[in-house]
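Working notes, beginning with the structure itself.
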Protein chains: 2
Amino acid sequence: MTTASTGLRARRRQELLAAIRTAAIEELRRSGATGLSLRAIARDVGIAVSALYRYFPSRDELLTDLIVHAFDEHADTVEAGGAHDDVGEALRGIWHAYRAWAVAHPAEFGLAYGTPVPGYAAPPQDTVHAGTRIGHFALELLARAHAEGRLDPDSLHRRAARLSPGTAQQLETWSSRHGQRLPTEVLAVWLDLFVHLHGLVSMEVFGLLRPITPDATPYATEVIDTELAALVRPRR
Amino acid sequence: MTTASTGLRARRRQELLAAIRTAAIEELRRSGATGLSLRAIARDVGIAVSALYRYFPSRDELLTDLIVHAFDEHADTVEAGGAHDDVGEALRGIWHAYRAWAVAHPAEFGLAYGTPVPGYAAPPQDTVHAGTRIGHFALELLARAHAEGRLDPDSLHRRAARLSPGTAQQLETWSSRHGQRLPTEVLAVWLDLFVHLHGLVSMEVFGLLRPITPDATPYATEVIDTELAALVRPRR
DNA sequence: CTCTCTACGAGAGCAATGTTCTCTATTTCT
DNA sequence: AGAAATAGAGAACATTGCTCTCGTAGAGAG
């Protein structure tokens, strides 16, 4: 079992698995999650449909695999975009990377973050971990910025002032469950950032801005930059 | 043809059409746009599948009809929520109505604003009008608030200062095509509001906030209220 | 090197889907 | 009242996800 990875069979299996995944993504791009057809994938790869079931027990499992893959690829891109010494630059970097990946991979983005498919509940244990990587990474960066005194005090004060008790309590329980010990305003600012910027990106990718803005690049970059410029002050 | 609306056949047609629509929405709620099955609808209504084709030429046309219906119902709700003498209250009202309808009708909301379905391009002429009603209504309200001097000057100045040339130009061309004559900052503020609040609502409806906030009501209402409180100042 | 044994792929088959066609009954119009 | 348009039923076709059976070809033991 351990040495099997060098066997001929195991190698073929890996190759076919990879071929199936790429064909599936190709199909996903062409026809969306709805029209993802196992038979079409099998035709692309050049095998019988029934052979697919040696790799994925069902169509839903294949979708789950694609979702996890999308989350991971997105998170990888975002983390790479956050590789800066300066926290401010890192925060800017992750959000531009966030958007860039989404724009470049609309089908995968829609699959991961779009309309949930009723009847198919994505198995939480599989997807949740991958799906929260970005959130945790952003929060870590924000915590670092806070520790370094880079967060704009005015923004934090204003945020604290308008924090409703319900929100504050929910943020507290969330952070206590995840071991993060941060002032509630910082958590609130983190959530605000996430909601604003993910909302922006998803609207752009789903085409909701097209009637107003055929190419949303200027607007999106402007919003990301100004949002972060207002929150984290330059290194002195 | 004119008097046909009172004929027996025409009445039956209307009734069956209504029955089909409600059954379709029921199915949509249960299985989503993906699993919307004509045969299931026919079974619910109690007719043969082929009879459905006397009412809708294809499954996609049925979907388009449902999308238009969803847009219209959403817009009706939002416009009703904006029925206030005070512009500030009206603006608050439309956004709370916007969210309330979305939360109450997640399937329709997802169909109208969610992941686009490749291969099926929603016929623009049918959906665009219904889809832009809310945007135009919100813009009219904002224009009224501007005319009455209710928009916070600081917010407008700050928005104007961080307006990128690309965005400004796109907003100008859009407004010139729609006959609205407003300062660019006001248009930018309108777009910001839309992006922020629609992004918030769609994240809540699609379940993206659930890991952080099982019930997003406090957070959502807080964001809507504070966002508007910062933008439009109270009547003096 | 040979002999099991297990894994893997092919193919047929099942129920369900969207869509089309034909046929019959019924309403509508002249 | 007779002719014409219309609405629904039912069968049929291609396609889908999925299951089952069957032969073959690699893997491990002697």
Side-chain angles (χ1 to χ4, degrees), chain A residues 1-21 23-24 26-28 30-66 111 117-122, chain B residues 1-21 23-24 26-28 30-66 111 117-122:
Chain A
M1 198 176 257
T2 57
T3 58
S5 54
T6 56
L8 203 160
R9 223 165 211 173
R11 196 169 52 238
R12 292 244 168 141
R13 189 174 178 87
Q14 293 305 321
E15 289 173 9
L16 241 186
L17 196 71
I20 291 173
R21 281 213 179 93
E26 176 69 22
E27 265 287 302
L28 188 72
R30 198 172 337 155
S31 354
T34 305
L36 198 152
S37 146
L38 293 188
R39 298 184 113 98
I41 295 172
R43 246 169 300 167
D44 282 8
V45 179
I47 60 174
V49 209
S50 52
L52 270 179
Y53 284 81
R54 303 274 180 198
Y55 296 83
F56 295 98
S58 77
R59 183 177 173 279
D60 284 356
E61 295 276 343
L62 211 187
L63 270 183
T64 305
D65 185 88
L66 292 184
L111 185 63
V117 179
Y120 159 68
Chain B
M1 198 176 261
T2 57
T3 57
S5 55
T6 56
L8 202 160
R9 223 161 211 176
R11 197 170 53 237
R12 292 243 168 139
R13 192 177 175 83
Q14 292 307 319
E15 290 173 8
L16 240 187
L17 197 72
I20 292 172
R21 282 214 179 93
E26 176 68 23
E27 265 286 303
L28 188 72
R30 200 173 333 154
S31 355
T34 305
L36 198 151
S37 148
L38 294 188
R39 299 185 113 97
I41 296 172
R43 245 170 295 157
D44 281 9
V45 179
I47 61 175
V49 208
S50 52
L52 270 179
Y53 284 79
R54 303 276 179 197
Y55 296 84
F56 295 98
S58 77
R59 183 177 174 279
D60 284 356
E61 295 277 342
L62 211 186
L63 270 184
T64 304
D65 184 88
L66 291 183
L111 185 62
V117 179
Y120 158 68

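Order of the sequence lines fixes the chain letters, A, B, ..., with proteins taken first and strands second; residue numbering starts at 1 for each chain. Worth knowing before you read on, the calculation uses all heavy atoms, side chains too, and leaves out hydrogens, waters and symmetry mates.
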Value in whole Å for how far the C1' atom of C:dA7 lies from CG of A:Leu17
15 Å

I want to check something: taking the side chain as every heavy atom from C-beta on, are A:Phe56 and A:Ile20 in contact at a cut-off of under 4.5 Å?
yes

Looking at C:dA16, does its base get a donor-acceptor pair with the side chain of B:Arg39 below 3.5 Å?
no

Checking all strands, does B:Arg12 fall into the base, sugar-phosphate, or nothing category for heavy-atom contacts under 4.0 angstrom?
nothing

Report the distance from atom CG of B:Leu52 to atom P of D:dG8, rounded to the nearest whole Å.
10 Å

Just to confirm, is there a sub-4.0 Å distance from OP1 or OP2 of D:dT15 to any side-chain nitrogen or oxygen of A:Arg43?
no

B:Arg11 CZ - C:dT27 C1' separation (whole Å)
12 Å

Applying a 4.0 Å non-hydrogen cut-off, can you work out what A:Val49 is touching in the nucleic acid: base, sugar-phosphate, or nothing?
nothing

Mind calculating the distance between CZ (A:Arg13) and C1' (C:dG9) to the nearest angstrom?
12 Å

C:dG18, OP1 or OP2 - any side-chain N/O from B:Arg59 closer than 4.0 Å?
yes

If every non-hydrogen atom of A:Ile41 is compared with every non-hydrogen atom of A:Ala23, which pair is closest and at what distance?
CG2-CB, 4.1 Å

Which heavy atom of B:Arg13 sits nearest to which heavy atom of B:Arg54, and what is that distance?
NH2-O, 2.8 Å

Write down the atom of B:Asp44, the atom of B:Arg30, and the distance for their closest heavy-atom approach.
OD2-NH2, 4.1 Å

Closest to the 5' end of DNA chain D, once A:Leu38 and B:Arg54 are matched to their nearest nucleotides, is B:Arg54

To the nearest Å, how far apart are A:Ile20 CD1 and C:dC8 P?
11 Å

Heavy atoms only, 4.0 Å cut-off, all strands: where does A:Leu62 land among base, sugar-phosphate and nothing?
nothing

Using whole Å, report how far CG of B:Leu16 lies from C1' of D:dT6.
13 Å

Tell me what B:Ile41 touches on the nucleic acid: a base, only sugar-phosphate, or nothing, going by heavy atoms under 4.0 Å.
nothing

Looking only at N and O atoms, is any donor in the side chain of A:Arg9 or the base of C:dA7 less than 3.5 Å from an acceptor on the other one?
yes

Please state how far atom CG in A:Leu8 lies from atom P in C:dG9, giving the value in whole angstrom units.
12 Å

Can you say whether a donor on the side chain of B:Ser50 sits under 3.5 Å from an acceptor on the base of D:dG8, or the other way round?
no

From CG of B:Leu36 across to P of C:dT19 the rounded distance in Å is 11 Å

Has the side chain of A:Arg21 got a donor or acceptor atom that lies under 3.5 Å from a matching backbone atom of A:Asp65?
no

DNA chain C: A:Tyr55 or B:Tyr53, which has the more 5' nearest nucleotide?
A:Tyr55

